[in-house]
Amino acid sequence: VLGREMFVIDQGEDNVETVILIHGFPTSSFDYRKSIHHFTENNYRVVTFDHLGFGFSEKPDDYSYSLVEQAEQATTLWKILGIESAHIVAHDMGDSVLTEIL
């Protein structure tokens, strides 16, 4: 995404409502590991990812890790995945990233 490697989990069918799970600091999408199947079993597509610098995503030296840049990474990812609308669950720093998006 934007020339960076991002770890992404995308589960469920493409033609159903989407739930996006945004993790906080200093964790990763691993926080949501026990929640994903509850959504997919109830006919939702679930997308979660590791912000740059977290979890299994790239940790570049030439990146400021600002909330604005993390928001740009997230929205670009969603466009790549074809997400036009979604329910969003955010935690901790994920709330701040989401605020930049809104």
Heavy atoms, side chains only, cut-off 4.5 Å: are Tyr63 and Arg4 in contact? yes

Any chance the rings of His23 and His91 have centres within less than 6.0 Å? no

In this structure, is the centre-to-centre distance between the rings of His51 and Phe49 below 6.0 Å? yes

Verify side chain to side chain contact (heavy atoms under 4.5 Å, CB included) between Arg45 and Leu81, making sure each step is shown before the conclusion. CA-CA 11 Å; Arg45 176 186 182 189; Leu81 296 176; 3.6 Å; yes

Can you tell me how far apart [atom1] ([X]) and [atom2] ([Y]) are? Round to the nearest 0.5 Å.
X: Ile83; Y: Asp14; atom1: CD1; atom2: CG; result: 9.0 Å
X: Ile22; Y: Asp92; atom1: CD1; atom2: CG; result: 12.0 Å
X: Gln70; Y: Ser96; atom1: CD; atom2: OG; result: 11.5 Å
X: Ile101; Y: Ile20; atom1: CD1; atom2: CD1; result: 8.0 Å
X: Glu72; Y: Leu2; atom1: CD; atom2: CG; result: 5.0 Å

Does atom [atom1] of [X] have more than 12 heavy-atom neighbours, drawn from other residues, nucleotides or ligands, at distances under 6.0 Å?
X: Asp61; atom1: CG; value: no
X: Phe7; atom1: CZ; value: yes
X: Glu84; atom1: CD; value: no

Stepwise side chain to side chain donor-acceptor pair (under 3.5 Å) test for Gln11 and Thr40: CA-CA 7 Å; Gln11 293 187 1; Thr40 57; 5.0 Å; no

Short question: side chain of [X], backbone of [Y] - any donor-acceptor pair under 3.5 Å?
X: Thr76; Y: Gln73; answer: no
X: Ser57; Y: Gly53; answer: no
X: Glu69; Y: Ser64; answer: yes
X: Ser28; Y: Phe54; answer: no

Provide the closest heavy-atom pair for Ala90 versus Leu98 in the form atom of the first, atom of the second, distance. CB-CD2, 4.2 Å

List the atom of Thr48, the atom of Ser29, and the distance in Å for their closest heavy-atom pair. OG1-CB, 3.4 Å

Path from [X] to [Y] over hydrophobic side-chain contacts below 4.5 Å:
X: Leu52; Y: Leu67; answer: yes
X: Phe25; Y: Phe56; answer: no
X: Val8; Y: Met93; answer: yes
X: Met6; Y: Trp78; answer: yes
X: Val1; Y: Val97; answer: yes

Checking side-chain contact (heavy atoms from CB on, under 4.5 Å) between Val47 and each of Ile36, Leu21, Asp10, Ile9, which is the one that passes? Asp10

Between Asp50 and Lys59, is there a salt bridge with N-O shorter than 4.0 Å? no

